[in-house]
Amino acid sequence: MKARVIVTLKTSVLDPQGKAIEGSLKSLGFGGVAGVRQGKVFDLELEGTDKAKAEADIKAMCEKLLANTVIESYRVEIAG
Amino acid sequence: MKSAVILFPGSNRERDAARALKQASGTDAAIVWHGETALPKGTDIVLLPGGFSYGDYLRCGAIAARSPVMDAVRAHAAKGGLVLGICNGFQILVESGLLPGVLLRNSHLKFVCRAQHLRVERNDTVFTSLYNKGQVIEVAVAHGDGNYLADAETLKRLEDDGRVAFRYCDASGDVGKAGPNGSINAIAGIYSEKFNVLGMMPHPENLIDPLVGGTDGAALFESLARKTAA
């Protein structure tokens, strides 16, 4: 089973890297970019086929290691 | 004073830290590998040194904070044992939950490496008893992720309880706005609730010998040595 975890800074947290990328896009002439936030993607390969268990496991992984929930939020996509 | 310096893969300031502890106390520090599950018997102070543990992968300090030895460090802190985290060590302390808040990328996105003035906010702790309250000292900073942030409620608690240990300032002690990294309230270091854990971004262990341009960091280690000798 494959799963993808996307971790992003919470909207209340300043993202200087996102800001720098936004500035660069603008200087490259891409108009209409109202904002950029940078995040991280984790692609996991999981053993087993129990989707509910996978969801619970990944949530625990996010809370324990993959995300710092003080500043980051995460979402999980499981490919069936 | 019995001290233990924890060595993580990618730490690079452990020898400077051990030298500072030895100079202050006359006793060799034990260098403890991160895979150990116990601290040497009778350890008074645990020091988490600077560097780039695990190459700063994932988030600075995140992987080190989950290494086996950190359970022993947490137990040591829970018993009131002393813990000092410097630079990457501070990042490990916030990631491990021993200190609140988080250290973000510097607001200007640049690695900063320079001498920096700090204001000692209080001198009634075991870490700072040989400084004066409000004293301005000069130590080194060298970090890319030193932008301290905590939510409003946590920040209020830190300020109300006097848990800010050091603030970035200019030579006159003015905190102003020009910190090296954008830290909220110019915070350079904070204490735990019981004041037995200190995390700080600057490197006091860099300035303990006149040969390298200053000795303002020495009093921190001497404060610790005096306390643990008593």
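So you know, we letter chains A, B, ... as the sequences are listed, proteins then strands, and number each from 1. Hydrogens, waters and symmetry mates play no part in the numbers below; they use all other heavy atoms, side chains included.
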Using the ring of each side chain (for Trp, its six-membered ring), is His34(B) parallel, tilted or perpendicular to Tyr54(B), with breaks at 30° and 60°?
perpendicular
So which of Val7(A), Leu14(A), Ile71(A), Asp15(A) has the biggest tally of heavy-atom pairs under 4.5 Å with chain B?
Ile71(A)
With the threshold set at 4.0 Å, does a side-chain nitrogen-carboxylate oxygen contact exist between Glu77(A) and Arg4(A)?
no
Between Glu121(B) and Lys133(B), does any side-chain N to carboxylate O distance fall below 4.0 Å?
no
Check whether Arg105(B) gets within reach of chain A through its side chain, its backbone, both or neither, counting any heavy atom under 4.5 Å.
both
Please name the residue in the list Ile86(B), Leu103(B), Leu48(B) that meets the side chain to side chain contact (heavy atoms under 4.5 Å, CB included) test with Gln91(B).
Leu103(B)
Give, as side chain, backbone, both or neither, the part of Lys19(A) having an atom under 4.5 angstrom from any heavy atom of chain B.
neither
When you look at Ser183(B) and Asn147(B), which way does the side-chain hydrogen bond (donor to acceptor under 3.5 Å, both in side chains) test go after all the steps?
CA-CA 4 Å; Ser183(B) 277; Asn147(B) 181 359; 4.6 Å; no
Please classify the contact between Leu58(B) and chain A as side chain, backbone, both or neither, with a heavy-atom cut-off of under 4.5 Å.
both
Give, as side chain, backbone, both or neither, the part of Asn106(B) having an atom under 4.5 angstrom from any heavy atom of chain A.
backbone
What part of Glu72(A) gets closer than 4.5 Å to chain B, counting heavy atoms only: side chain, backbone, both or neither?
side chain
